[in-house]
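Let me begin by presenting the structure, written as structure tokens, before commenting on it.
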Amino acid sequence: MAYLIIFSPLLGFLIAGLFGRKIGDLVSQVVTSSLVGLSAIISCYYLYLFISGSEALNFVIFNWISSGSLNLNWSIYIDALTAVMLVVVTVVSFLVHVYSIGYMSHDPDKPRFMGYLSLFTFAMLMLITSDNFLQLFFGWEGVGLASYLLIGFWFKKPSANAAAIKAFVVNRVGDFGLAIGIFLIYKYTGSLNFSEVFQSIPSLVDKKINFIGIEGNIITFICVFLFIGAMGKSAQLFLHTWLPDAMEGPTPVSALIHAATMVTAGVFLVVRCSPIYEYSAISQSLIITVGASTAFFAATIGLVQNDIKKIIAYSTCSQLGYMFFAAGIGAYHIAIFHLFTHAFFKALLFLCAGSVIHSLHEEQDIRKMGGIYKKIPYTYAFMVIGTLAITGFPFLSGFYSKDAILEAAFFSSNSMGSYATIIGVITAILTSIYSWRLIYKTFHGNYRNENYAFEKVHESPLVILAPLFLLTLGAVFAGFLFKDIFIGIDHQVFWNGSIFFKEKFVLQHPPYWFLYFTPVVGFLIIFIAYYLYVKNENILNQLKETHKPVYEFLLNKWYFDEFYEFLFVKPAKTFGNFLWSKGDEKIIDGYGPNGFARIIKIISDKAVLFQSGYLYHYAFVILIGLTVLLTYLII
Amino acid sequence: MSEIPILTLTTFLPLIGIFFLMFIKGEESFVNKTSGYVALLTSGIVFLSSIFILANFNYSNPDFQFVEQQDWIFNFVNYKVGVDGISLSFILLTTFITPICILATINSVKIRLREFLIALLLMETMMIGVFCSLDLFIFYLFFEAGLIPMFLIIGIWGGERRVYSAFKFFLYTLFGSVFMLISIIYIYFDAGTLDVEKLLNIQINKDYQKYLWLGFFASFAVKTPMWPVHTWLPDAHVEAPTSGSVILAAILLKMAGYGFIRFSLGLFPDASIYFGPLVFTLSIIAIIYTSLVALVQKDMKKLIAYSSVAHMGFVTIGIFVFNQEGIEGSIFQMISHGIISSALFLCVGVIYDRMHTRQISEYGGVVNVMPKYAIMFMVFTLGSLGLPGTSGFVGEILVLIGSFKYNYWIAFFAASGVILSACYSLWLYRRVVFGKILNNKVQNLVDLTKTEYLILTPLLIMTIVLGFYPALVLDLISPSVEKISSNMVNYLKFANLGN
């Protein structure tokens, strides 16, 4: 049955990819959706098995690479951690598949789109069910490929093509780090299978090496390089630039890949490798720092963006930061819990945004929306619930997971813990602000789009609303239902060794003021934001004018793209041109083959002069030769 | 099995095909058609006979099998052939690629088709000969003789600057080979034999090893090609007709890699260890340098040619880290590059035949009119940038793992080439295939014909099958590689003790 989870999406991809044109749009949509649906049902069954206490399962498909001491299998490994991920991936993927039937109804390439979605699901499943690092890497790059294909799905748009390549290349930079991490693991543990690697890690604790000129602990090096990989995939600070651009893809893609599943792969990697990270306090601090900084940095940018999808993209970036610093303080299970709840409410937000865009005929700029809540009441209701969930409104899913993260940070023994706590609280406030700004600008106030008549705004069809409804259920109940299992006092019973804690992780009760602070402020912001964004916009406009540099700085996303363009892209091209024209053509060819040819030509031109054809020339040369020879012999 | 001289038969079968080709007479269309069939049939039989060798091959034996020996010129030169897992995998690559090449030639070459096919079949004999000869002199003969048909293919059927390119190719490689010849002659006087099997068990004086190694290196480095003697390759590829490029990229370059493994490591282990750092430096420069150059190319074939140089950089690194992962990775990378780069050249050929230009800027939006072609091209592009699940990944990752074990700096730099390869491959693909149609000529393109399908599909299948099930090659080469590698590791220990 485990095979069905993995291979039914692959089958869907093959059917839609190879026979899509023959079987028609509707059949390929139904086939791919139901195959992923099947996979989702079985995944839920497996999660149920693990909740009722099953042991980890490993199905070996067949041998992949064996060379020297390297011996790797294609395998399906399922433990509690994988089971949670399986549910997240397949359920969201299924809903997105269904949603896409409605959302892409005007697109001529439906089978191709559904095929790509299924391909992505397959790669993601390979990633999370791997029992070794290399299959994980396969899935890792596989989802990167699917993401590349889907971002560039509308291949006629130059911006989409550019974004697709950017996503792939930036991810490759991260993958470079991941690969180095994998090589380090192989060199020092002699294996790439998780179980063998994790067993031999404790014996490496005190071993130091000199790597790329830096002296340090092996485990720290491994952790840092694996984390670089995670940063790329999960769009953390410095390697985040691809994620906002990735919004060029169709909205269902953003929901599935760039919110709920693929971008969380980095968090999954860190949690999966908890047996390694637990032994490296330095890299834990690094993760906390990067995670917390990303959470803050992305939230600040989210405050001023005007593209509805980009706001949510930065929000994703920021929430991933939360997950990372949770993992960094050793609260891996809370990180996964937040990943779990986030998948539902963020997918919900994206799909709602998609529904809005759909209703407004492909308009994404929130400055050109407003007042449409009466026209699209269902979408509005769902989106408000999603927003309440992300801002941590009491008893919705985000409330449980985000507060747990903040509490864990509050009690963390790590030196970066207090930094994370403060940043975490500030970011929670920022999150509320940008989320409500989005709601108010989109749905309230006056309608501001001149190109599309207000009367024409229409609610989306059922095939779009149904997945939204189901995700809303998830956003409301996922936290409440699973909090005791995932992060309760007995959480170790459920995780059952799939997450490694060096010391028993107990969540203490923080002081009450801390517990109430964020929800109360979050609640107040609903009204403050309403005042600022709907009732009296002048205050903010004035603020914009008086602090123009800050506003510009945020609007331009801290100038990361310009900086990278200047630092990497241009020099690489200039240098490449230089090597080609000067290196290859001037120096190597100039002095090498062409140079030789020239010299030989010069010599032979001279040599030709000897063959003058006049007898007395030759006689003269012979005479000289004889003289020289005789002189030599005589002396 | 020794009753049938199957290796000799396989090697010289193409010559029988050539014999028949010479007697075809009549109208041009008739000649073209018949000679096409004859050549295809011949190469098909050769492929089958190499499969027959594989079927009878003993996988667990690391030594040479199917050995045949015949005195030839006094006791100086013996005709001796035989295969181990490594050579057999290259022979299979040759016999697999050649029919595809012939098909591509029939499909696109209209002038003097018969002569072209003769050249191709002659190449096949030379290439199989290189991989199975067990006598240095015979090896040299095949190695050099292979130049001539290739020279003709470029020089006669090539593009505008074909004569320049053909001569550059010929002189470059000949120049390198002279040094190898001198080394071979020296070995004969020193060891009294040119029998490879015997030589592998003889210790050649350490001091002379270095010079001899350099002699062989000169030839192999040009052929690989390694930086800085790579400049003939882009020119040769650009001017060569499609199937010429395919043979060149898929097999001719691999002769050098094979030579490194068989002769440099086998005959001169100490010198190989001594010169290892040189090889690494040149290879790393090659990977980064040529990747950067590939990034700015405007000509499709030139871009792929430069990427070939970068890919071969991985091969040379893998060989000289001496461990099993590295060497197996190198061989796998060569096989995989043989398949993927030929496919890429064929893909370029497909649109070149329609548009008669290789300039990237002339294209754009091809997917709108050739969706099936776009899929094929995409898979091979991904293979070229080493996406897991394609054969390109397995070779690269094994080489990187092996080299990381040996010295992490090498792997560190080499792995950065992986980022660059993603850049130039995707850039090429995007400019040619995606986007809106800007050039009116692109509007009129027709999608892949049946023949083109037939040409590309086997390569597509192999790319993916080898990506998921590399054991197909790894099982074949692993005993022989293990023998070489453990031998080298011993020398390495010895060398380290000496210091």
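Since this is a predicted model, take the numbers as computed values, not measurements. Lettering of chains follows the sequences in order, A, B, ..., and the numbering in each one begins at 1.
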Does some side-chain heavy atom of A:F138 sit less than 4.5 Å from a side-chain heavy atom of B:F393?
-> no
Of B:A471, B:S416, B:S478, the largest count of non-hydrogen pairs under 4.5 angstrom with chain A goes to B:S416
Bottom line for A:W74: the part with an atom under 4.5 Å from chain B's heavy atoms is side chain
Using 30° and 60° as the class limits, which term best fits the ring planes of A:Y148 and B:F434: parallel, tilted or perpendicular?
-> tilted
Looking at B:A294, B:G402, B:A411, B:G467, which one has more heavy-atom pairs under 4.5 Å with chain A than the rest?
-> B:G467
So which of B:K436, B:Q324, B:E325 has the biggest tally of heavy-atom pairs under 4.5 Å with chain A?
-> B:E325
Most heavy-atom pairs under 4.5 Å with chain A, out of B:V481, B:L420, B:I419, B:I477, belong to B:I419
So what's closer than 4.5 Å to chain A heavy atoms on B:I375: side chain, backbone, both or neither?
-> neither
Shortest non-hydrogen contact from B:N368 to A:F155?
-> OD1-CE1, 3.2 Å
Give the minimum heavy-atom separation between A:P158 and B:R430, together with the two atoms involved.
-> O-NH2, 4.0 Å
Look up atom CG in B:L387 and atom CZ in A:R172, then write down how far apart they are to the nearest 0.5 Å.
-> 6.5 Å
Do other residues, nucleotides or ligands put more than 12 heavy atoms under 6.0 Å from A:F7 CZ?
-> yes
Can you tell which part of B:D235 gets under 4.5 Å to a heavy atom of chain A, answering side chain, backbone, both or neither?
-> side chain
Tightest non-hydrogen contact, residues B:L474 and A:I65, listed as CD1-CG2, 4.1 Å
When rounded to the nearest 0.5 angstrom, what is the spacing between CG in B:L426 and CZ in A:F168?
-> 5.5 Å
Could you look at B:S486 and say if it's the side chain, the backbone, both or neither that has a heavy atom under 4.5 Å from chain A?
-> neither
Tell me, for A:F137 versus chain B, whether the close heavy atoms (under 4.5 Å) come from the side chain, the backbone, both or neither.
-> both
Heavy-atom distances under 4.5 Å only: say whether B:E328 touches chain A with side chain, backbone, both or neither.
-> side chain
Going from CD1 on B:I331 to OG on A:S67, what distance comes out if it is rounded to the nearest 0.5 angstrom?
-> 9.5 Å
B:Y429, part contacting chain A, at a heavy-atom distance under 4.5 Å = side chain
Let me know if B:F175 has heavy atoms under 4.5 Å from chain A in its side chain, its backbone, both or neither.
-> neither
Non-hydrogen side-chain atoms of A:L70 and B:L398 separated by less than 4.5 Å = yes
Interface residue of largest heavy-atom contact number with chain B, from A:N161, A:L134, A:I165, under 4.5 Å = A:N161
For A:W64 and B:F468, the nearest pair of non-hydrogen atoms, with its separation, is CD1-O, 3.4 Å
Quick one: what part of B:K372 sits under 4.5 Å from any heavy atom of chain A, side chain, backbone, both or neither?
-> neither
side-chain contact (heavy atoms from CB on, under 4.5 Å) between A:F176 and B:F412, intermediate numbers included = CA-CA 9 Å; A:F176 168 73; B:F412 199 82; 4.2 Å; yes
Are any of the side-chain heavy atoms of A:S69 and B:K405 separated by less than 4.5 Å?
-> yes
Heavy-atom side-chain contact between B:I401 and A:K187 under 4.5 Å = no
Given a strict heavy-atom distance threshold of 4.5 Å, which part of A:Y188 is in contact with chain B: side chain, backbone, both, or neither?
-> neither
B:Y408 vs A:L184 side-chain heavy atoms within contact, under 4.5 Å | no
Relative to chain A, which segment of B:L385 carries a heavy atom at a distance below 4.5 Å: side chain, backbone, both, or neither?
-> both
Region of B:W227 in contact with chain A, defined by heavy-atom distances below 4.5 Å = side chain
Would you call B:F404 and A:I180 a side-chain contact if the rule is heavy atoms closer than 4.5 Å?
-> yes
Of all of B:I397, B:L295, B:D475, B:I327, which one pairs up most often with chain A through heavy atoms under 4.5 Å apart?
-> B:I397
What part of A:A164 is in contact with chain B, defined as an atom under 4.5 angstrom from a non-hydrogen atom: side chain, backbone, both or neither?
-> neither
Can you name the residues that form a salt bridge (Lys or Arg N to Asp or Glu O under 4.0 Å) with A:D109, not counting sequence neighbours?
-> A:R112
